[in-house]
Novice: 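Input: one structure, supplied below.
Throughout, residue positions are numbered sequentially from 1 according to the sequence presented.
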Amino acid sequence: MTKDHGPCQSQTLSALLAVKGRRLVARRFSSTSRSMATVESHWEEFYLGSRRFQFIADGLGMPIDQVNFVFGQLMALLLAYIFRVYLHPSHVSATTRHWGSLLAGLGISYFCFGKQVLLALALVVGCYLLMLLLPITLLHHVTLAASITFLSVMHIQRQLYEDGVFVIDVTGPMMIMVQKATSLAYSLHDGLSGLKDEELTPLQKEMVVRKKPTALEYFGYMLNFHSVLAGPYFMFADYQDFVEGTHYAKRALQTPVPASSLDSNRNKSPSESKLTDSKLRTRLEDEPNPVPVAMYKALVSAGNAFVTVYLLPKFPISFITDPKFFQLSFLSKTFYIVAVTSLTRHVYYTGWMLGDSICNMSGMGFNGYNADGTAKWNLVSNVDILGVEFGLSLRDTLEAWNSGTMKWLRFMVYERAPTQKTLFTYMLSSIWHGFYPGYYITFVSGAFFTIAARNVRRSVRPHIVSKGPMAQKLYDVFTCVVTRFCLAYFTFPFILLRFWGSIAVYRDMLFFQFVLGALAIILLPVVLPPKSRSSKNTKEHLKSQ
């Protein structure tokens with residue numbers, strides 16, 4: 001990727017739980033309308049998941065699909081511990097681990113979605129057949145086109161039925177499956193099409209796959225219980241290393257294994273692979289214990305769930321289109337938008353952190369050691385909550401948000417498109433999300449404000465930094481606060497969904513942030529030209545931001 005990461009980082013709300021969480025919130029608060037309640041009732045009549053815990057849903061006042069989702073994730077967390085301890089690579093074969101992960105994933109999926117799981121299986125089987133039948137020169141593009149088309153049909157079908165309400169269905173997990181199937185197809189293309197190493201980017205070289213997976217490996221990767229409900233998304237090479245038990249040695253900084261044998265791309269002969277893997281495979285007692293970090297993330301998820309259940313209902317997104325909202329003062333309206341978007345993020349944090357916890361509990365996600373010797377468990381992490389909430393710039397904030405999908409978009413589009421990288425990246429991200437107008441307002445606005453923020457950083461920050469440490473600290477505090485307002489301003493349409501409702505809010509607030517953004521893009525470089533980048537200090541400061 002080029003030094004300018006803006007286009008990829010401006011994919012602000014692009015994840016399974018982001019989509020799922022937004023709709024759950026939309027349903028909770030739009031149900032005050034009789035028509036919305038009718039639609040919701042219609043959807044729940046056709047909900048095909050288990051009704052075993054309907055009494056719990058009734059007691060808590062929660063929809064049964066949400067209860068099933070939470071129960072499924074908690075069951076996955078328990079299974080993750082069993083998987084790591086009793087199905088450890090030093091105890092069982094990789095085949096056994098694949099079967100265990102796959103069967104558990106299918107069971108949890110059927111519990112949550114019922115017969116809808118057949119749609120997910122149809123997607124996976126179709127992509128697997130494409131891998132078997134197509135020449136490698138066509139595999140990547142055809143897999144992307146076919147899987148995105150299938151997902152788009154599902155998005156449109158659901159959108160025809162729902163009207164701002166949502167029952168958790170299999171479409172959310174299918175979004176993750178599309179990421180997995182397409183990234184694997186492109187990794188195979190990179191490894192089997194004859195491309196030389198120097199023709200690949202560092203990320204492509206890291207994730208290249210030089211041998212087609214077996215049916216068990218493919219289905220285990222696509223439907224494993226670790227990520228089947230809510231992610232996180234991870235690459236095939238990382239998952240294969242995890243199942244085979246070689247990921248600890250390959251990721252450890254102090255590994256005694258020669259670098260030449262650290263082959264995560266499965267390009268060895270069977271005999272050579274068996275010998276090398278036996279050297280790389282570690283014992284359970286020699287591995288860092290993931291239980292503390294997994295439980296910590298589960299507790300963080302519980303804390304965010306508390307905010308979602310008890311605080312978010314006080315700020316319904318539907319109020320933004322209420323006539324009473326437009327009677328508020330300018331500051332009150334701004335505060336409300338910041339509050340509703342900030343609290344809604346906790347819905348995403350809840351799912352993402354629980355998904356991270358499941359992966360870590362099973363041993364997945366190890367990423368080497370810190371300088372002080374503590375283990376890092378951020379290989380498959382989707383979000384840095386503190387980075388999102390306290391980022392000093394829009395770039396820092398977006399970089400901390402949904403890193404899994406960021407990586408997928410960068411791998412699939414941004415590093416491959418010969419021209420118009422930003423355009424094609426946004427096109428894929430938009431279609432992958434669905435077709436609600438609010439999505440597109442957020443994506444376009446996000447790109448606009450990313451460019452504006454970059455101009456401010458280049459023109460203003462060097463001048464502030466030159467004034468001394470105190471001026472820099474004050475500037476950092478100011479940009480942190482401004483970033484929160486900016487983020488709220490262009491993300492609320494993603495939650496609201498409606499085009500004209502979003503435009504009405506912008507018009508009522510005089511499009512003031514768009515005006516400021518336009519001034520930053522057009523006039524700021526003229527009035528306050530960026531300092532020369534030939535200065536070493538300036539380069540260092542700009543890199544840090």
Side-chain angles (χ1 to χ4, degrees), residues 16-17 73-105 108 173 176-177 179-180 183-184 206-207 213 217-252 255 262 264 266 277 280-284 286-298 301 351-369 374-383 403-405 407-408:
L16 167 63
L17 257 296
Q73 286 293 76
L74 293 177
M75 180 58 67
L77 185 61
L78 175 61
L79 290 174
Y81 176 82
I82 297 174
F83 189 84
R84 183 179 68 88
V85 175
Y86 297 101
L87 295 183
H88 190 270
S90 62
H91 301 157
V92 300
S93 66
T95 298
T96 301
R97 283 168 61 82
H98 272 303
W99 274 114
S101 182
L102 171 59
L103 292 177
I108 292 175
I176 300 294
M177 294 174 190
Q179 290 182 320
K180 292 179 178 179
S183 62
L184 176 55
E206 178 186 355
M207 295 304 166
E217 291 171 338
Y218 192 93
F219 281 83
Y221 170 59
M222 296 290 289
L223 297 166
N224 65 85
F225 74 91
H226 308 85
S227 61
V228 70
L229 292 186
Y233 157 76
F234 39 76
M235 306 291 277
F236 176 78
D238 290 329
Y239 182 72
Q240 191 70 2
D241 287 342
F242 162 72
V243 171
E244 294 181 347
T246 61
H247 58 301
Y248 282 104
K250 292 179 179 181
R251 292 286 175 176
T255 177
L262 300 185
S264 64
R266 299 182 53 76
D277 289 348
L280 293 175
R281 193 170 293 116
T282 55
R283 299 179 302 170
L284 178 63
D286 295 331
E287 299 170 355
N289 183 12
V291 174
V293 68
M295 295 309 299
Y296 168 77
K297 290 182 178 181
S301 176
W352 280 338
M353 294 303 291
L354 189 54
D356 288 359
S357 176
I358 294 168
C359 289
N360 294 162
M361 184 66 81
S362 68
M364 187 189 303
F366 175 72
N367 197 25
Y369 294 94
T374 57
K376 295 188 294 185
W377 291 94
N378 60 355
L379 181 64
V380 296
S381 293
N382 243 339
V383 66
S403 56
T405 296
K407 186 175 184 179
W408 177 65

Novice: Less than 4.5 Å apart, side chain to side chain, heavy atoms only: is that true for V243 and E217?
Specialist: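 The answer is no; the side chains never approach within 4.5 Å.
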
Novice: Run W377 and D356 through side-chain contact (heavy atoms from CB on, under 4.5 Å) and show every step you take.
Specialist: CA-CA 9 Å; W377 291 94; D356 288 359; over 6 Å; no

Novice: Measure the spacing between NZ of K407 and CD of Q179 and express it to the nearest 0.5 Å.
Specialist: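 It is 12.0 Å, given to the nearest 0.5 Å.
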
Novice: So do D238 and L379 actually touch side chain to side chain, heavy atoms under 4.5 Å?
Specialist: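 Yes, their side chains come closer than 4.5 Å.
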
Novice: With side chains defined as the heavy atoms from C-beta onward, is the minimum distance between N367 and S381 less than 4.5 Å?
Specialist: no

Novice: Between D241 and G245 (side chain of the first, backbone of the second, donor and acceptor by atom type, cut-off under 3.5 Å), is there such a pair?
Specialist: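 Between the backbone of G245 and the side chain of D241 there is no qualifying donor-acceptor contact (under 3.5 Å).
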
Novice: CZ/F366 to NZ/K376 distance, rounded to the nearest 0.5 angstrom?
Specialist: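 It comes to 8.5 Å.
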
Novice: Mind listing the closest non-hydrogen atom pair of G105 and F225 along with its distance?
Specialist: N-CB, 3.5 Å

Novice: Would you name the heavy atoms of S403 and V383 that are closest together and state the gap between them?
Specialist: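 Heavy-atom minimum between the residues: OG-N, 4.5 Å.
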
Novice: Got I108 and Q73 here, is their nearest side-chain heavy-atom distance under 4.5 Å?
Specialist: no

Novice: With a 4.5 Å heavy-atom cut-off, do T96 and W99 have their side chains touching?
Specialist: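 No - every pair of side-chain heavy atoms lies 4.5 Å or more apart.
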
Novice: At what distance, to the nearest 0.5 angstrom, does CE of M353 lie from OH of Y296?
Specialist: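 Interatomic distance, M353 CE to Y296 OH, rounded to 0.5 Å: 6.5 Å.
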
Novice: Please determine whether side-chain contact (heavy atoms from CB on, under 4.5 Å) holds for the pair M361 and M295, giving the CA-CA distance in whole Å, both sets of side-chain angles, and the decisive distance to 0.1 Å.
Specialist: CA-CA 8 Å; M361 184 66 81; M295 295 309 299; 3.6 Å; yes

Novice: Do C359 and P232 make a side-chain contact, defined as non-hydrogen atoms from C-beta onward lying under 4.5 Å apart?
Specialist: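 Of all side-chain heavy-atom pairs linking P232 with C359, at least one is under 4.5 Å.
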
Novice: Think K180 forms a cation-pi with Y221, using NZ or CZ under 6.0 Å from the six-ring centre and within 45 degrees of its axis?
Specialist: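 Yes, a cation-pi geometry.
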
Novice: Could you go through the side-chain contact (heavy atoms from CB on, under 4.5 Å) check for Q240 and H98 one step at a time?
Specialist: CA-CA 9 Å; Q240 191 70 2; H98 272 303; 3.6 Å; yes

Novice: Kindly compute the distance separating CD1 (I82) from CG (L77), expressed to the nearest 0.5 Å.
Specialist: 10.5 Å

Novice: Should R97 and F83 count as side-chain neighbours, where that means a heavy-atom distance under 4.5 Å?
Specialist: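 A side-chain contact exists here, since the closest heavy-atom pair is under 4.5 Å.
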
Novice: Would you say the ring centers of H226 and F234 fall short of 6.0 Å from each other?
Specialist: no

Novice: Go through I176 and M222 one step at a time and tell me if the side-chain contact (heavy atoms from CB on, under 4.5 Å) criterion holds.
Specialist: CA-CA 9 Å; I176 300 294; M222 296 290 289; over 6 Å; no

Novice: Taking all non-hydrogen atoms of both residues into account, name the closest pair between Y248 and G363 and its distance.
Specialist: OH-O, 3.4 Å

Novice: Over all heavy atoms of both residues, which pair between F236 and P213 is shortest? Give the atoms and the distance, please.
Specialist: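 Taking F236 first and P213 second, the nearest heavy atoms are CZ-CB, 3.6 Å.
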
Novice: Let's go through Y239 and S227 carefully: what are the C-alpha distance in whole Å and the side-chain angles of both, what is the deciding distance for side-chain hydrogen bond (donor to acceptor under 3.5 Å, both in side chains) to 0.1 Å, and is it a yes or a no?
Specialist: CA-CA 11 Å; Y239 182 72; S227 61; over 6 Å; no

Novice: Looking only at non-hydrogen atoms, find the nearest pair between S362 and R84 and report the distance.
Specialist: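 Minimum heavy-atom separation between S362 and R84: O-CB, 3.4 Å.
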
Novice: Which pair of heavy atoms, one from A80 and one from I358, lies closest together, and at what distance?
Specialist: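 It is CB-O, 3.3 Å.
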
Novice: Would you say M235 and E206 make side-chain contact, with heavy atoms under 4.5 Å?
Specialist: no

